[in-house]
Amino acid sequence: VKIGMIATAQIAHAVADALQDRVKTPCVLDPVMVAKGGARLLNEDAVSALRTRLLPLATLLTPNLPEAADLLGVPTAQTRAQMGEHARALVNLGAQAVLLKGGHLTGDESPDVLATASELIWFEGTRTSTANTHGTGCTLSAALAAHLAHGKTIQQAARAAKAYVTAAIADADQLSVGHGHGPTHHFANLWSQ
C-alpha cells in the first residue's frame, strides 16, 4: 500500500480504518504536507490524525525535512546529525522504519537516512542541478512500495528506490514537458540514450 496526500483528518481516519485489518500488508506512508514551494497541502487538523492513526500503521514513512519537522513540532533539520535525531524520533512515534529525505539540505550532497528501531543507514547522493524535480517524493514512495511488494527488505527497497530516483533526476533534462518545474524522467532506464 502506498499512501500519498490525504488533505483532511476525515480522509486520514477513513484510510486508517480501511488499513486496520491489513496490518501485515507493507505500507509506505508519504506524508505529503508541504509543497516544494512552501504551500501547505495538509490541513492542520489532519496532522494529528496522520501522526496518531496512520503513522503507526506504516512499514515505512518517507517525509522530507519540513514534513518531519511538522510531524514532530520542531524546527526543520539543517544538519545530518539533526536528520538522524528526527528520523529516530519518528520511529519512536510508531513507524516501523523512516526514510528521511535530505533533499532540502544545502550543499552538493543529498543524503537520505533510513532509521529503524536499531540503526541508522545513510544513502548518499550527489545533488543534480536541474529544475525538473517535480514529483520526486511521490516517485520515491511509489518505487519503495513496488520494491516491498516484490519481497525486498526495507533496506534493499530503500537502496533500489534511491538509485531509481537519482537516475530519474539525473536524466530529467532529456524531457521537454510543460513549463516551470518539470517531472523527473521515470523511464530513463528504459529509453536508449
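What you see is a predicted model; the values in this text were computed from it and never measured.
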Asker: Donor-acceptor check, side chain of Glu119 to backbone of Ala117, threshold 3.5 angstrom: yes or no?
Answerer: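 No: the side chain of Glu119 does not pair with the backbone of Ala117.
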
Asker: Side chains of Ile11 and His13: closer than 4.5 Å at any heavy-atom pair?
Answerer: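 When only atoms from C-beta onward are counted, His13 and Ile11 do not touch, as no gap falls below 4.5 Å.
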
Asker: Residues two or more places apart in sequence or in another chain: which of them pass side chain to side chain donor-acceptor pair (under 3.5 Å) with Gln156?
Answerer: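 Gln156 satisfies side chain to side chain donor-acceptor pair (under 3.5 Å) with Thr153 once adjacent residues are dropped.
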
Asker: With distance as the sole test, does Glu67 use its side chain to make a donor-acceptor pair with the main-chain N or O of Asn64 at under 3.5 Å?
Answerer: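 Yes, Glu67 side chain to Asn64 backbone: donor-acceptor pair under 3.5 Å.
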
Asker: Considering non-hydrogen atoms only, spot the tightest contact between Ala87 and Val113 and give its length.
Answerer: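 Where Ala87 meets Val113 most closely, the heavy atoms are CB-CG1, 4.0 Å.
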
Asker: How far does CG of Leu144 sit from OH of Tyr164, to the nearest 0.5 angstrom?
Answerer: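 With rounding to 0.5 Å, CG (Leu144) is 12.0 Å from OH (Tyr164).
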
Asker: With sequence neighbours left out, write down each residue that passes side chain to side chain donor-acceptor pair (under 3.5 Å) with Arg159, or none if nothing qualifies.
Answerer: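 In terms of side chain to side chain donor-acceptor pair (under 3.5 Å), with neighbours along the sequence ignored, Arg159 is linked to no residue.
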
Asker: Check the pair His86 / Thr76 against side-chain contact (heavy atoms from CB on, under 4.5 Å), numbers first and verdict last.
Answerer: CA-CA 9 Å; His86 288 190; Thr76 301; over 6 Å; no

Asker: Atom CG in Leu140, atom NZ in Lys2: separation rounded to 0.5 Å?
Answerer: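 Answer rounded to 0.5 Å: 9.5 Å.
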
Asker: So does Gly4 get a backbone contact from the side chain of Asp30, meaning a donor-acceptor N/O pair under 3.5 Å?
Answerer: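 Answer holds: no.
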
Asker: With Val28, which of Val1, Leu148, Thr59 fulfils side-chain contact (heavy atoms from CB on, under 4.5 Å)?
Answerer: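 Per the side-chain contact (heavy atoms from CB on, under 4.5 Å) rule, the option paired with Val28 is Leu148, out of Val1, Leu148, Thr59.
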
Asker: Leu54 versus Leu61: any side-chain heavy-atom pair under 4.5 Å?
Answerer: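 Side-chain contact under 4.5 Å: no.
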
Asker: So, for Gly94 and Leu55, which heavy atoms are closest and what is the spacing to 0.1 Å?
Answerer: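 Closest pair (atom of Gly94, atom of Leu55, distance): N-CD2, 3.8 Å.
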
Asker: Restricting to non-hydrogen atoms, name the atom on Met83 and the atom on Pro111 that form the minimum distance, rounded to 0.1 Å.
Answerer: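 Scanning both residues, the minimum pair turns out to be CE-O, 3.6 Å.
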
Asker: Find out whether Pro63 and Lys101 are in side-chain contact, i.e. whether some heavy atom of one side chain is under 4.5 Å from a heavy atom of the other.
Answerer: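 No, side chains not in contact.
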
Asker: Would you call Leu114 and Phe123 a side-chain contact if the rule is heavy atoms closer than 4.5 Å?
Answerer: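 Touching, per the 4.5 Å side-chain cut-off.
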
Asker: Restricting to non-hydrogen atoms, name the atom on Ala160 and the atom on Lys152 that form the minimum distance, rounded to 0.1 Å.
Answerer: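 Scanning both residues, the minimum pair turns out to be CB-NZ, 3.9 Å.
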
Asker: Any heavy-atom pair between the side chains of Leu90 and Leu71 that's under 4.5 Å?
Answerer: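 Yes, close enough: below the 4.5 Å cut-off.
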
Asker: Nearest heavy-atom pair of Ala16 and Arg53: which atoms, and what distance?
Answerer: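 Heavy-atom minimum between the residues: CB-NH2, 3.4 Å.
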
Asker: What distance do Gln78 atom CD and Leu65 atom CG have between them, rounded to the nearest 0.5 Å?
Answerer: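 One finds 8.0 Å between CD of Gln78 and CG of Leu65.
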
Asker: Hey, does Pro56 have a side-chain heavy atom less than 4.5 Å from the side chain of Leu93?
Answerer: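 Contact flag for Leu93/Pro56 side chains = no.
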
Asker: Nearest 0.5 Å please: distance from the CZ atom of Arg88 over to the OG atom of Ser118.
Answerer: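 Going from CZ on Arg88 over to OG on Ser118, the span is 10.0 Å.
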
Asker: Could you state the interatomic distance from OG1 (Thr116) to CD1 (Ile121), rounded to the nearest 0.5 Å?
Answerer: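 Answer for the OG1-CD1 pair, Thr116 versus Ile121, is 6.0 Å.
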
Asker: Heavy atoms only: give me the nearest Leu72-Ala89 pair and the separation to one decimal.
Answerer: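 Heavy atoms of Leu72 and Ala89 come nearest at CD2-CB, 3.7 Å.
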
Asker: Nearest 0.5 Å, please: how far is CG in Leu29 from CG in Leu60?
Answerer: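 Separation between the atoms: 9.0 Å.
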
